[in-house]
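Below, chains carry the letters A, B, ... as their sequence lines are ordered, and counting in each starts from 1. These values consider heavy atoms only, across backbone and side chains, with no hydrogens, waters or symmetry-generated copies.
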Amino acid sequence: MSGGVRDQIQQALVDAVRGLGVEGDIPDLELGRAKVAGRGDYASSAGLKLARQLRQDPKAIAVRVAETVTVPEGAASAQADNGYVNFRLTDGWLRRLVAHVASGAGRYGARDLGRAERLQVEFGSVNPTGPLHIGHGRGVTLGDSICRLLTFTGHQVQREYYVNSDNTQTRRFGASVYARLHGVEPPEGGYTGDYVKELAEMARHDLPGIGDLPEEEAEPKLRMYAIDRMVDRIKATVARVNVRYDEWYYENRLWESGLPQAAIDRLRESGNIKEREGALWFGEPDDEEEDRVVIRANGQPTYFASDLGYLLNRFEQRGFNRVVEVWAADHHGYVPRMKSAVAALGFDEQKLVVILHQMVNLKEGKMSKRAGRFVTLDELIDRVGSDAVRYFYLLRSPDTTIEFDLELAVTQGNENPVYYAQYAHARLTNVEGAAKERHSQLPENANVGLLTQPWELDVARQLAFWPDVIEDATLLLEPHRIPYYVHDLATAVHRFYHAGNAQSDHRVVVDDVALTRARLELCRAARHTLKTALDLMGVSAPERM
RNA sequence: GCCCCGCUAGCUCAGUGGAUAGAGCAUCUGUCUUCUAAACAGAGGGUCGGGGGUUCGAAUCCCUCGCGGGGCACCA
């Protein structure tokens, strides 16, 4: 029962279709949630899908499928309807599901979709040259929830932040700190925020004699010092939204291990490295169109060189089967280049999975990190709280640009959907206490057969859908499906609870201890599932509000 | 010029090629002496950006045009 009932129905459908004598490939039977009320819980267009192949009337096919299909455990009954086959979850199965989920201690929905696959998710890896702003928050929460999902579904996940330390931007950063140390303005293109002045003062204190060194010697020291301080700050910020990393992987480790050079050597052998205009380029052997510089004419490598080494590091040295990259959409042009680099290095392109998310804009105007004008993620958390920040980010598909309306975000009220879900959880927790106060002795086991009201079975019905959501969200790497599910489950919970407000014998806690116990079973099942879903979002599940 | 994302209710957004396109907010109308009203019940609100095409069936796939955002570095 721990797998999804949808999968069981799917398999039963295929078996039934085979029973009709269909051989070879079976087309997608389009099993999905029934969208029209009164037509059941799941629907398949099996009749329509098979009509051509069988050269028969879709309605007749659907009738035969519905007559012969057998869903395991009597979980669902089938009815043919105009070429469709509709499935209705049976009350008996829903009741058993309640007992199953209640005893599952929050593991319901967990499935082994990963078979212990080792994979790395790299996310949030912003140049450590300033604090995270509200755009970065999206990548951080998205990446984190993807990790939570993958872990929940049987993958071995490593969460990594790649710390740039040797590129042009971080050098400018170091030079900017150097300038502030000597009381002058940062150079053109440098970082002008006040935090750079603070870093300079901290460095003056922590690095004795730093002010006496010439820039060539001072800048690398100041840069690494400042990067470490920024990494500390970024760690603290992401911790506020319940994000932690397994590894903060510094770019300079790549250079020390010689991996970028090794990668370049390998690509030279495969014909993907060419010399032109004094620089080294990466590209297809017989095509200059898409070539990109790896080593500049001045001998300095580009970020692309370190990324090549980083690929070797992860796929060979550390042996990840897949690497998931979470990038903001302004990096989309980099995806084909990285994919072709993966292939040219001799790996399967599919092993590099890139999740792009659209930008986060402020209605007030654009952000500019270098100018030091931005709304930081810290400020956003201060204003609306960690839970709302995470829920708000995760609610949206990565493909949607977020137009951040600060005025709206700072108003705390019932327009904030996170409270709706948390309130459902708090109510369920509260009623448990109320039951214990009212009945000193409750039966050890619940008789779920006493759950007969439609609003009770509707809660169970929502629970039945949870494994489907987990499966879809995992395979598509789309965490935004979770908050939408949470809302649906919370709605069913609120209706169930409210039935007791309308009529007191529909309360959870009633005189009948057996009935109370059965309803508590439902409460526990729903509460565990809400908690699990909120955990996957990194949102708290309060016990009282 | 080329590439990517978006365009769905007044607003913000969901929506694996299936049946009558959904939710929240906002607006309007009801519901608390009894387990939490941060809740519940109901109402109104739509040329799914325009136009072609594929299909038994298109918000969904293809083509094209428009609008908005992002990217096309020896920045990352």
Side-chain angles (χ1 to χ4, degrees), chain A residues 28 30-37 39 43-45 48-49 51-52 58 81-84 86 125-127 129 164 167-170 172 189 277-281 292-304 306-307 327-336 356-359 361 392 395-403 405 408 412-424 426-435 437-438 455 468 472 475-476 480-481 483-484 487-488 490-491 493-502 504 506-510 516 519 523 544-545:
Chain A
D28 185 357
E30 301 282 358
L31 179 67
R33 288 277 296 281
K35 285 172 183 166
V36 180
R39 283 185 168 142
S44 162
S45 48
L48 295 157
K49 287 294 180 189
R52 179 168 303 179
D81 182 3
N82 207 25
Y84 296 85
N86 297 329
S125 306
V126 184
N127 265 331
T129 54
N164 283 299
N167 59 30
T168 305
Q169 292 302 333
T170 52
R172 281 180 185 159
E277 298 158 21
L280 288 188
W281 303 69
R292 299 296 162 192
V293 170
V294 180
I295 305 288
R296 299 184 177 93
N298 66 7
Q300 274 201 347
T302 65
Y303 62 93
F304 193 41
S306 42
D307 279 346
W327 291 344
D330 57 352
H331 285 61
H332 93 270
Y334 196 42
V335 176
L356 293 171
H357 65 82
Q358 293 299 313
M359 315 300 282
N361 297 319
F392 192 84
L395 193 56
R396 279 159 177 75
S397 153
D399 287 338
T400 302
T401 303
I402 296 180
E403 292 292 335
D405 186 337
L408 189 70
Q412 297 214 21
N414 57 356
E415 66 260 38
N416 201 331
V418 67
Y419 297 123
Y420 185 80
Q422 291 181 320
Y423 189 56
R427 273 184 150 176
L428 293 173
T429 309
N430 185 68
V431 78
E432 185 91 24
E437 262 184 42
R438 174 85 165 272
W455 50 84
D468 304 344
D472 294 344
L475 297 181
L476 298 169
H480 72 274
R481 292 165 183 275
Y484 282 95
H487 178 268
D488 289 345
T491 296
V493 166
H494 284 309
R495 282 181 183 154
F496 158 68
Y497 187 93
H498 199 270
N501 286 357
S504 61
H506 292 148
R507 294 183 174 220
V508 175
V509 183
V510 288
T516 300
R519 288 175 177 162
C523 290
R544 71 186 78 244
M545 289 172 73

Could you check how far CZ of A:Arg427 sits from C1' of B:A39, rounded to whole Å?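 Whole-Å distance recorded here is 4 Å.
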Would you indicate what [X] reaches in the nucleic acid, counting non-hydrogen atoms under 4.0 angstrom: base, sugar-phosphate, or nothing?
X: A:Tyr484; result: sugar-phosphate
X: A:Arg39; result: base
X: A:Glu277; result: base
X: A:Asp307; result: nothing
X: A:Asp81; result: base
X: A:His331; result: base
X: A:Ala426; result: base

Closest listed nucleotide, where the reference is the side chain of [X] and the choices are [options]:
X: A:Asn167; options: B:A76, B:G18, B:C40; result: B:A76
X: A:His498; options: B:U31, B:C74, B:C35; result: B:U31
X: A:His480; options: B:G18, B:A76, B:A14; result: B:A14

Would you say the side chain of A:Asp399 and the base of B:A14 hold a donor-acceptor pair, judged only by whether the two atoms sit under 3.5 Å apart?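 It does not, because no donor-acceptor pair links the side chain of A:Asp399 to the base of B:A14 below 3.5 Å.
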Based on Watson-Crick and G-U pairs with both distances under 3.5 Å, what dot-bracket line describes RNA chain B 5' to 3', crossing pairs as [ ] and inter-strand pairs as |? (((((((..((((....[...)))).(((((.......))))).....(((((..]....))))))))))))....
Over all heavy atoms of both residues, which pair between A:Tyr484 and A:Leu395 is shortest? Give the atoms and the distance, please.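 Reported closest heavy-atom pair: CE1-O, 3.1 Å.
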Please state the [atom1] separation for the pair [N] and [M] - nearest whole angstrom.
N: B:U54; M: B:C62; atom1: P; answer: 15 Å
N: B:U55; M: B:G17; atom1: C1'; answer: 9 Å
N: B:A9; M: B:C5; atom1: C1'; answer: 23 Å

Ring-base stacking, A:Tyr420 with B:A38 (5.5 Å, 30° cut-offs):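 No, the aromatic ring of A:Tyr420 does not stack with the base.
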Could you check whether A:Tyr303 and A:Tyr334 have their ring centres less than 6.0 Å apart?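 A:Tyr334 vs A:Tyr303: aromatic centres under 6.0 Å.
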Ring center gap for A:Trp455 and A:His506 short of 6.0 angstrom: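 Between A:His506 and A:Trp455, which both carry aromatic rings, the centre distance is below 6.0 Å.
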For A:Thr168 and B:A76, is the shortest distance between a side-chain N/O and OP1 or OP2 below 4.0 Å?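 Yes, A:Thr168 has a side-chain N/O under 4.0 Å of OP1/OP2 on B:A76.
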Just the atom pairs and distances: protein N or O near nucleotides 54-56 of chain B's N or O, under 3.5 Å.
| from | atom 1 | to | atom 2 | distance (Å) |
| --- | --- | --- | --- | --- |
| B:C56 | OP1 | A:Arg52 | NH2 | 2.4 |

Considering heavy-atom distances to RNA chain B, does A:Asp488 or A:Asn86 have its closest nucleotide positioned more toward the 5' end?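 Nearest nucleotide further toward 5': that of A:Asn86.
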